[in-house]
Amino acid sequence: IVLPGNPLVVEILLALYLPPELNVNEFVVELEQLISLIKKSCNMVIMGDINIDIKIKNQVSNVYKSLLYNQGMLCYNNLYTRVGGSQRSCLDHIFCRSSAGKSISSYVIRNSLTDHDWTAIEIKTTGMNNDQKNQEVQLRQRKTKTNYKLLNCSLKQENWTDVYESKNVNESLEKFY
């Protein structure tokens with residue numbers, strides 16, 4: 001991924017999902033095999049719903065984090081992404097390996113649509129020359145504006161009962177679409 005005016009080129013973006021019912025140890029072994037194929041000099045982002053709570057210090061979490069740290073990855077999210085009652089966990093991860101670590105920010109976006117909060121990563125642009133600045137201005141001018149009043153009205157008119165009452169996130173997603 002090349003962002004206009006950005007000195008950081010994300011060469012590898014891995015968006016991962018580990019369903020809670022799958023074997024975590026097998027996932028870690030496969031992830032290690034995959035990452036070992038990628039040059040350590042490559043800029044890489046790994047993010048997704050991994051269903052390993054990195055806030056808890058246990059063998060699975062320690063092995064998973066050690067694997068990523070040993071590959072030069074840094075953790076960009078350690079905030080809770082699943083909060084319900086007295087339960088709190090950080091199951092949605094953002095790890096990044098880059099030469100421009102100071103220009104990277106991550107966010108947890110609270111929502112009520114799913115059982116996990118959303119995560120986002122921002123790779124800030126720095127050190128642009130005039131041509132790059134002009135390209136960025138042109139990109140901004142092409143963006144469309146969101147009509148939030150219309151969006152809010154449309155969302156209120158939808159019947160969300162089936163989505164809310166579903167006991168399975170995959171089933172909720174199917175009903176949503």
Side chain proximity check, M44 to L13, heavy atoms < 4.5 angstrom: no
Following the transitive rule for hydrophobic clusters with a side-chain heavy-atom cut-off under 4.5 Å over Ile, Leu, Val, Met, Phe, Trp and Tyr, establish whether L22 and L14 coincide in one cluster. yes
Kindly write out the residues that satisfy ring-ring contact (aromatic ring centres under 6.0 Å, His included) with Y64, not counting sequence neighbours, or none if the list is empty. H93, F95
Which residue pairs satisfy the salt bridge (Lys or Arg N to Asp or Glu O under 4.0 Å) criterion with at least one member in residues 70-80, sequence neighbours excluded? none
Please name all residues satisfying side chain to side chain contact (heavy atoms under 4.5 Å, CB included) with K156, sequence neighbours left out, ordered by chain then number. N152
Report the C-alpha separation of V45 and I12 in whole Å, then their side-chain angles, then the decisive distance to 0.1 Å, and conclude whether the side chain to side chain contact (heavy atoms under 4.5 Å, CB included) test is met. CA-CA 6 Å; V45 174; I12 306 288; over 6 Å; no
ILVMFWY clustering at 4.5 Å (side-chain atoms), partners of V83: Y80
Ignoring hydrogens and angles, write down the donor-acceptor pairs under 3.5 Å from the side chains of residues 49-58, residues two or more places apart or on other chains.
{"from": "D49", "atom 1": "OD1", "to": "N51", "atom 2": "ND2", "distance (Å)": "3.1"}
{"from": "N51", "atom 1": "ND2", "to": "L18", "atom 2": "O", "distance (Å)": "2.6"}
{"from": "D53", "atom 1": "OD1", "to": "K55", "atom 2": "N", "distance (Å)": "3.0"}
{"from": "D53", "atom 1": "OD1", "to": "C90", "atom 2": "N", "distance (Å)": "3.0"}
{"from": "K55", "atom 1": "NZ", "to": "N78", "atom 2": "O", "distance (Å)": "3.0"}
{"from": "N58", "atom 1": "OD1", "to": "V60", "atom 2": "N", "distance (Å)": "3.3"}
{"from": "N58", "atom 1": "OD1", "to": "S61", "atom 2": "N", "distance (Å)": "2.8"}

Linking I/L/V/M/F/W/Y whenever their side-chain heavy atoms sit closer than 4.5 Å, directly or via other members, would I38 and V29 fall into one cluster? no
Can you tell me which residue pairs pass the ring pair (Phe, Tyr, Trp, His ring centres under 6.0 Å) test with a partner in residues 21-49, sequence neighbours excluded? none
Is there a side-chain contact between I46 and I94 in this structure, where contact means two heavy atoms from C-beta onward sitting under 4.5 Å apart? no
Heavy-atom distance under 4.5 Å between the side chains of Y76 and S105, does that happen here? no
Are any of the side-chain heavy atoms of W118 and D92 separated by less than 4.5 Å? no
Tracing side-chain links under 4.5 Å among I, L, V, M, F, W and Y, which residues wind up in one group with L79? V108
Any pair with a residue in residues 16-38 that passes salt bridge (Lys or Arg N to Asp or Glu O under 4.0 Å), sequence neighbours left out, goes on the list, sorted by first then second residue, please. none
Can you name the residues that form a side chain to side chain contact (heavy atoms under 4.5 Å, CB included) with T161, not counting sequence neighbours? N159, E165
What residues form a side chain to side chain contact (heavy atoms under 4.5 Å, CB included) with K167, not counting sequence neighbours? none
Indicate yes or no: at least one non-hydrogen side-chain atom of K65 is less than 4.5 angstrom from one of M73. no
Taking side chain as C-beta onward, heavy atoms only, is L67 less than 4.5 Å from L31? yes
Are side-chain heavy atoms of C96 and L74 found at a separation under 4.5 Å? no
By side-chain hydrogen bond (donor to acceptor under 3.5 Å, both in side chains), which residues pair with D117, not counting sequence neighbours? R110
Just jot down the salt bridge (Lys or Arg N to Asp or Glu O under 4.0 Å) partners of D115, sequence neighbours excluded, or say none. R82
Using modelled atom types and a 3.5 Å cut-off, is there a donor and acceptor pairing between side-chain atoms of T114 and backbone atoms of H116? yes
